[in-house]
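Before any comments, here is the structure.
Along the sequence shown, the residues carry numbers beginning at 1.
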Amino acid sequence: MAAPKSNVEEIRNRVILGEYGVRNVHTTDFPGNYRGYDDTWDQKKFEENFRVDIIEMDESTGTLEFDMVGIDAAIANAFRRILLAEVPTMAVEKVFIYNNTSIVQDEILAHRLGLIPVKADPRLFEYRSAGDEEGTEIDTIQFQLNIKCSRNPRATKDSTDPSELYLNHMVYTKHMKWIPIGNQADLFSEADICPVHDDILIAKLRPGQELDIVMHCVKGIGQDHAKFSPVATASYRLLPEISLMQAVEGDLAEKLKHCFSKGVIEIENVNGRKFAKVVNSRLDTCSREVLRYEELKNKVKLARVRDHFIFSVESTGILPPDVLVSEAIKVLMAKCRRFLDELDSSQVD
């Protein structure tokens, strides 16, 4: 016996959050799965349904929120993984320590320097060849860190504040100086190539201690090392959907409101009576708190839209988040082209 059409639509398009589990989690959009539904992939149909909506972008914090609608979870996850691990950036790879009399060991210091995000457009550089120790202007950025701590002759006699007693006792990324290689000085300015933040603490020194270091930054991807990852976070979630199966009023409406995140449920006054109303289900965190109450759990239906993904991308500051998304799309397109080329070559063979 065939399932009712309404039930099939729900299984195909919604993930249901129940009291003791989550239903309809598996993808079912393949041919022949349901009688009367032609789920064969069609490019024209895909182009009609697929869309990307920019919800919010903050350049000052490097964050971007956008919706990707009309795709399968496998594609959304591939896109997320590319953002994390396959969009290239520039990062410190070689650290030449000529003098380090601080209490920070050379290995720890080199590791800290490697994790500093470097503001440099990786699209303007090439990958360094294997075994190349020196590097050239097309594949290497060079920084120098040369600083020595000394006593402040103007400090008061009774002072105990290190900031007043010592000079250069805190080593920050602002002390890293870019040393152009070849013709880089003609192509870039100091604003183009520098650490993303000036106030990242590298080490603490005391009088007589010094650092003399040269760093080589190269192009790489997060798949090789996390320091090359261009994003602090890249995640997605399905769009929540909250449906009221019955009218909820009075004290129950107030209780229902407090079961969800702020802004999801609001109280509407109708002829002097208070009714609960779903205002913005997007803000819901899907905690399922409402299902704890016997008097409410049958009045609300919690679901998520299967093909509606809410992406959140936070850049490390190397590139703006919208540029990172564009670069991730290019990487995904290149992977698809390579796969199609492999299919063509195998058919010829």
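Hydrophobic clustering (ILVMFWY, side-chain heavy atoms < 4.5 Å, transitive): Ile71 and Val325 are in one cluster. Neither Met215 nor Leu115 shares a network with the other; the hydrophobic side chains, linked directly or stepwise wherever heavy atoms of I, L, V, M, F, W or Y lie under 4.5 Å apart, form separate groups for each. Cluster annotation: Ile16 and Val8 are assigned to distinct hydrophobic clusters (Ile/Leu/Val/Met/Phe/Trp/Tyr, side-chain heavy-atom contacts under 4.5 Å, transitive). At a threshold of 4.5 Å between side-chain heavy atoms, the hydrophobic network of Ile, Leu, Val, Met, Phe, Trp and Tyr places Leu83 and Ile55 in two separate groups.
Inter-residue side-chain proximity for Asp67 and Phe309 is flagged as unmet; no heavy-atom pair is nearer than 4.5 Å. Under the 4.5 Å side-chain criterion, counting only non-hydrogen atoms from C-beta, Asn13 is not in contact with Glu10. Contact annotation: the side chain of Met90 never approaches that of Lys119 to less than 4.5 Å [non-hydrogen atoms, C-beta and beyond]. You'll find the side chain of Met170 reaches within 4.5 Å of the side chain of Leu201, heavy atoms only. Residues Trp178 and Ile141 meet the side-chain proximity criterion, which asks for heavy atoms closer than 4.5 Å. Taking the side chain as every heavy atom from C-beta outward, Ile82 and Lys335 approach each other to under 4.5 Å. Side-chain atoms of Ile310 and Arg282, non-hydrogen and from C-beta on, do get closer than 4.5 Å to each other. The side-chain heavy atoms of Ile97 and Val214, taken from C-beta on, include no pair separated by under 4.5 Å.
Ion pairing between a basic and an acidic side chain is recognised when a charged N comes within 4.0 Å of a carboxylate O; Glu254 and Lys274 show such pairing. Checked for salt-bridge contact, Arg12 and Glu9 meet the test: a charged N lies under 4.0 Å from a carboxylate O. Classification of Glu295 and Lys255 as a salt-bridged pair holds, one side-chain N sitting under 4.0 Å from a carboxylate O.
His225 places a side-chain N or O within donor-acceptor distance of the main-chain N or O of Lys227, the cut-off being under 3.5 Å. In this structure a side-chain-to-backbone donor-acceptor pair under 3.5 Å is present from Asp42 to Lys45. Formation of a donor-acceptor pair under 3.5 Å by the Gln184 side chain with backbone atoms of Ile181 is found in this model. Using a distance-only test at 3.5 Å, with no hydrogens or angles considered, no donor-acceptor pair links the side chain of Asn77 to the main chain of Ala74. Between the side chain of Asp161 and the backbone N or O of Leu165, no donor-acceptor pair lies under 3.5 Å. Using modelled atom types, one side-chain atom of Arg306 and one backbone atom of Asn24 make a donor-acceptor pair closer than 3.5 Å. Checked by atom type and distance alone, the side chain of Ser229 never pairs as donor or acceptor with a backbone atom of Ala226 at under 3.5 Å. Between the Ser326 side chain and the Asp322 main chain, a donor and an acceptor come within less than 3.5 Å of each other. Using a distance-only test at 3.5 Å, with no hydrogens or angles considered, a donor-acceptor pair links the side chain of Thr173 to the main chain of His197. For the pair Thr316 (side chain) and Pro230 (backbone), a donor-acceptor distance under 3.5 Å is present.
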* Evaluate the criterion side-chain contact (heavy atoms from CB on, under 4.5 Å) for residue pair Ile108 and Asp106; output intermediate values, then yes/no. => CA-CA 6 Å; Ile108 303 299; Asp106 290 355; over 6 Å; no

* To do: Start with the C-alpha distance between Ile213 and Asn100, add both sets of side-chain angles, then the distance that settles side-chain contact (heavy atoms from CB on, under 4.5 Å), and finish with yes or no.
  => CA-CA 8 Å; Ile213 301 171; Asn100 173 23; 5.7 Å; no

* To do: With salt bridge (charged side-chain N to carboxylate O under 4.0 Å, His left out) as the test, would you mind laying out the steps for Glu241 and Arg14 before giving the verdict?
  => CA-CA 9 Å; Glu241 184 181 73; Arg14 297 293 185 269; 2.8 Å; yes

* To do: Determine, step by step, whether Val92 and Val218 satisfy the side-chain contact (heavy atoms from CB on, under 4.5 Å) criterion, reporting the C-alpha distance in whole Å, the side-chain angles of both residues, the deciding distance to 0.1 Å, and the verdict.
  => CA-CA 6 Å; Val92 174; Val218 302; over 6 Å; no

* To do: Please assess Glu19 against Lys297 for the test side-chain contact (heavy atoms from CB on, under 4.5 Å), listing each intermediate value before the final yes or no.
  => CA-CA 8 Å; Glu19 186 176 4; Lys297 66 181 183 180; 3.1 Å; yes

* Starting from the C-alpha separation in whole Å, work towards a yes-or-no answer on salt bridge (charged side-chain N to carboxylate O under 4.0 Å, His left out) for Lys277 and Glu266. => CA-CA 5 Å; Lys277 179 183 179 182; Glu266 295 295 342; over 6 Å; no

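Within the 6.0 Å centre-distance limit, the rings of His216 and Phe96 are counted as a close aromatic pair. In this structure, Phe79 has its ring center under 6.0 Å from that of Phe311.
Across all their heavy atoms, Cys259 and Ser287 have their closest contact at O-OG, 4.0 Å. Of all the heavy atoms in Val118 and Val196, the pair that sits closest is C-CG2, 4.0 Å. For the pair Ala120 and Ile318, the tightest heavy-atom approach, listed with the atom from each and the gap, is O-CG2, 3.8 Å. The heavy-atom pair separating Ile193 from Phe143 by the smallest distance is CG2-CZ, 3.8 Å. Of all heavy-atom pairs spanning Thr89 and Phe228, the tightest one is OG1-O, 2.6 Å. Closest non-hydrogen pair, Arg151 versus Tyr166, comes out as NH1-CE2, 3.7 Å.
With 3.5 Å as the limit, one finds a donor-acceptor pair spanning the side chains of Asp192 and Ser189. No side-chain N or O of Ser235 forms a donor-acceptor pair with one of Thr233 less than 3.5 Å apart. The closest side-chain donor-acceptor pair between Lys177 and Gln144, if any, does not fall under 3.5 angstrom. The closest side-chain donor-acceptor pair between Ser159 and Glu164 falls under 3.5 angstrom. Neither side chain, Asp158 nor Thr156, offers a donor N or O lying under 3.5 Å from an acceptor on the other.
Other residues, nucleotides and ligands place no more than 12 heavy atoms under 6.0 Å from the CD1 atom of Ile103. Heavy atoms from other residues, nucleotides or ligands lying under 6.0 Å from CG of Asp251 number 12 at most. The number of heavy-atom neighbours closer than 6.0 Å to CD of Glu59, taken from other residues, nucleotides and ligands shown, is 12 or below. The neighbour count for Glu190 CD, taken as heavy atoms of other residues, nucleotides or ligands under 6.0 Å away, does not exceed 12. The environment of Glu134 atom CD is sparse: at most 12 non-hydrogen atoms of other residues, nucleotides or ligands sit within 6.0 angstrom.
With values rounded to the nearest 0.5 angstrom, Ile221 atom CD1 is found 12.0 Å from Leu84 atom CG. Between Ser345 atom OG and Asp341 atom CG the span is 7.5 Å, to the nearest 0.5 Å. If you take NZ on Lys204 and CG on Asn168, they are separated by 15.0 Å, rounding to the nearest 0.5 Å. Here the NZ atom belonging to Lys94 is positioned 9.5 Å from the CG atom belonging to Asp132, to the nearest 0.5 angstrom. In this structure, Leu167 CG and Ser150 OG are separated by 4.5 Å, a value rounded to the nearest 0.5 Å. Remark: Ser243 OG to Lys299 NZ distance equals 15.0 Å, nearest 0.5 Å.
Stacking of Lys219 on the aromatic ring of Phe125 is not recorded, the 6.0 Å distance cut-off and the 45° axial limit not both being met.
In the hydrophobic clustering, where aliphatic and aromatic side chains (Ile, Leu, Val, Met, Phe, Trp, Tyr) are joined below 4.5 Å either directly or transitively, Ile265 groups with Leu17, Ile242, Leu244, Val248, Leu252, Leu256, Phe260, Val264, Val278, Leu283, Val290, Leu291, Tyr293, Leu296, Val300, Leu302.
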